[in-house]
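What follows is a set of notes on a single structure, which appears directly below.
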Amino acid sequence: MKITLALPEDLPKLLAFRQEAASWLSELGSDQWSRPYPADRLLATIEAGTVFMVRDREATAATLTLTSDAEEGLWTEQELSEPSWFINKLTVARTHAGQNLGGRLLDWAGDRAFRASVKWLRLDAWTTNEALQRYYLTQGFAHVRTVREGVAVNGGPRVSGWLAQRATQPADHGFVDETPALA
């Protein structure tokens with residue numbers, strides 16, 4: 001499997017990924033991602049070069065957004081003064097579930113951040129999705145705090161404010177990395 005940058009023509013696939021994940025999460029009793037994510041915002045992140053795809057031959061197996069931009073209102077000024085990259089929208093296709101692609105993708109992100117001299121890999125997870133929170137804890141993240149105040153990116157009250165972080169480090173993620181080299 002290889003990792004590539006997402007391209008604008010991947011937008012429909014990424015929107016479908018999110019819908020597939022929302023349906024699966026709903027079956028598990030979670031309201032995570034039940035509100036549609038604005039396509040124009042997703043396209044902007046693709047064009048900014050922060051969306052990555054795991055491709056398994058012709059299939060897209062997973063996706064992740066990795067950015068140095070923190071969502072407003074989540075992290076303190078002190079935390080933001082430390083070199084950090086933020087994970088968003090980690091999604092694995094149901095066809096590829098159970099293969100540790102999410103864990104390997106987190107390792108890839110931590111490795112990439114480490115090579116860029118970034119100290120922390122940070123994320124905000126769905127506040128009510130305790131299974132997801134436990135997953136991140138098993139992936140080496142430490143819970144920092146939960147923020148409930150504020151507005152969600154796609155409108156309404158903040159729903160993704162469970163904050164966690166782990167130190168970056170080199171990792172053998174096993175992907176063929178076809179992303180641009182770091183400057």
Kindly indicate, with the supporting measurements, whether the criterion salt bridge (charged side-chain N to carboxylate O under 4.0 Å, His left out) is fulfilled by R122 and E71.
CA-CA 11 Å; R122 291 180 165 150; E71 186 177 324; over 6 Å; no
Would V54 and V176 show up in the same hydrophobic cluster when neighbours are defined by side-chain heavy atoms closer than 4.5 Å?
no
Any heavy-atom pair between the side chains of L14 and V51 that's under 4.5 Å?
yes
Does any non-hydrogen side-chain atom of V147 lie less than 4.5 Å from one of R145?
yes
Steps toward side chain to side chain contact (heavy atoms under 4.5 Å, CB included) verdict (L163, T146)
CA-CA 6 Å; L163 307 184; T146 301; over 6 Å; no
Under 3.5 Å: donor-acceptor pair, side chain of N129, backbone of W126:
no
Could you verify whether a donor N or O on one side chain and an acceptor N or O on the other, from W120 and E82, lie under 3.5 Å apart?
yes
Step by step, work out the salt bridge (charged side-chain N to carboxylate O under 4.0 Å, His left out) result for R104 and D111.
CA-CA 10 Å; R104 290 172 57 201; D111 180 74; over 6 Å; no
Determine whether M53 and L64 make a side-chain contact, defined as any pair of heavy atoms from C-beta on separated by less than 4.5 Å.
no
Here the pair of heavy atoms bringing D56 nearest to A61 is CB-CB, 4.3 Å
What class does the angle between the rings of Y136 and F141 fall in, given that below 30° is parallel, 30 to 60° is tilted and above 60° is perpendicular?
perpendicular
Going through the checks in order, is the side chain to side chain contact (heavy atoms under 4.5 Å, CB included) test met by L66 and T50?
CA-CA 5 Å; L66 181 62; T50 62; 5.9 Å; no
Y135 to G103 - nearest heavy-atom pair and separation:
OH-N, 2.9 Å
Are the side chains of F52 and T179 in contact, using a 4.5 Å heavy-atom criterion?
yes
Is there a donor in the side chain of R115 and an acceptor in the side chain of T168, or the other way round, less than 3.5 Å apart?
no
With side chain to side chain contact (heavy atoms under 4.5 Å, CB included) as the criterion, how do R55 and D10 come out once you've worked through the C-alpha distance, each side chain's angles and the decisive distance to 0.1 Å?
CA-CA 12 Å; R55 302 188 193 269; D10 291 317; 2.8 Å; yes
Mind checking whether L43 and L7 sit in one hydrophobic cluster, side chains of I, L, V, M, F, W, Y counted as touching below 4.5 Å?
no
Quick check: closest heavy atoms across G161 and L74, and the distance to 0.1 Å?
CA-CD2, 4.3 Å
Salt-bridge test for E79 and K119: reply yes if a basic N is under 4.0 Å from a carboxylate O, no otherwise.
no
Indicate whether any N or O donor in one side chain lies under 3.5 Å from an N or O acceptor in the other, for D124 and W162.
no
Close side-chain approach of W108 and D177, heavy atoms under 4.5 Å
yes
Using the rule that Ile, Leu, Val, Met, Phe, Trp and Tyr join whenever any side-chain heavy atoms are under 4.5 Å apart, tell me whether F114 and F86 fall into a single cluster.
no
Nearest non-hydrogen partners of Q139 and N100, listed with the distance
NE2-OD1, 4.3 Å
Take a 6.0 Å sphere around CD of E178 and say whether it holds more than 12 heavy atoms from other residues, nucleotides or ligands.
yes
For D107 and R112, run salt bridge (charged side-chain N to carboxylate O under 4.0 Å, His left out): C-alpha distance rounded to whole Å, both residues' side-chain angles, the deciding distance at 0.1 Å, then the answer.
CA-CA 8 Å; D107 288 345; R112 186 172 181 85; over 6 Å; no
Evaluate the criterion side chain to side chain contact (heavy atoms under 4.5 Å, CB included) for residue pair L106 and I87; output intermediate values, then yes/no.
CA-CA 8 Å; L106 291 169; I87 295 206; 3.3 Å; yes
Does a side-chain heavy-atom distance below 4.5 Å link M1 with Q99?
yes
If we ignore hydrogens and angles and just use 3.5 Å, is the side chain of Q165 paired with the main-chain N or O of S84 as donor and acceptor?
no
Where is the tightest heavy-atom contact between A70 and W75, given as atom of each residue plus distance?
CB-CD1, 4.0 Å
State, with a plain yes or no, whether a side-chain heavy atom of L90 is found less than 4.5 Å away from one of L105.
yes
Minimum heavy-atom distance S117-P83, with the two atoms named
O-CB, 4.0 Å
Beyond-backbone contact of L101 with F175, side-chain heavy atoms, under 4.5 angstrom:
yes
Check for a donor-acceptor pair, side chain of T91 on one end and backbone N or O of K89 on the other, with a separation under 3.5 Å.
yes
